[in-house]
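Worth knowing before you read on, the calculation uses all heavy atoms, side chains too, and leaves out hydrogens, waters and symmetry mates. When a residue number appears, it is its place in the shown sequence, counting from 1.
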Amino acid sequence: MTVDRDVIAEHDQAPSDEVSRATVVAYALAAALLVAWFLFGWLVLRQGFVDSVGESAGAGFALLLIVSVVGTFRRSRR
């Protein structure tokens with residue numbers, strides 16, 4: 001029984017992937033740019049609220065897709 005406990009204890013201590021500070025800053029910058037894009041379309045261009053939300057949401061989903069593809073390529077190289 002002690003052997004099983006030792007194996008489980010070693011298996012539970014797998015290294016965790018931490019998010020770097022640069023990644024958090026990049027995500028915060030992207031969020032700020034999306035909010036600015038929404039406000040620019042709504043207040044400056046006077047597109048309408050729903051159109052501005054849709055445009056900024058579409059840009060956000062495109063950014064998420066790009067991040068997902070880049071992350072997949074980076075993990076496949078490891």
Peer 1: Please check if the side chain of Thr23 supplies one atom and the backbone of Val19 the other of a donor-acceptor pair under 3.5 Å.
Peer 2: no
Peer 1: Determine whether Arg74 and Val70 make a side-chain contact, defined as any pair of heavy atoms from C-beta on separated by less than 4.5 Å.
Peer 2: yes
Peer 1: Can you give me the closest heavy-atom contact between Gly41 and Ser52, atom names plus distance?
Peer 2: C-OG, 3.2 Å
Peer 1: Same cluster for Val35 and Phe40 if Ile/Leu/Val/Met/Phe/Trp/Tyr side chains link at under 4.5 Å?
Peer 2: no
Peer 1: Do any N or O atoms from the side chain of Ser56 and from the backbone of Phe38 form a donor-acceptor pair under 3.5 angstrom?
Peer 2: no
Peer 1: Have Gln47 and Trp42 got a donor and an acceptor in their side chains that come within less than 3.5 Å?
Peer 2: no
Peer 1: Tell me if a side-chain donor or acceptor on Ser68 pairs with a main-chain N or O of Leu64 at a distance below 3.5 Å.
Peer 2: no
Peer 1: Do you know the tightest heavy-atom contact between Ala59 and Leu34?
Peer 2: CB-CD2, 3.7 Å
Peer 1: Quick check: closest heavy atoms across Leu63 and Ala30, and the distance to 0.1 Å?
Peer 2: CD1-CB, 4.4 Å
Peer 1: Mind checking what makes salt bridge (Lys or Arg N to Asp or Glu O under 4.0 Å) contact with Arg75, not counting sequence neighbours?
Peer 2: Asp17
Peer 1: Starting from Leu43, can I reach Trp37 by hopping between I/L/V/M/F/W/Y residues whose side chains sit under 4.5 Å apart?
Peer 2: no
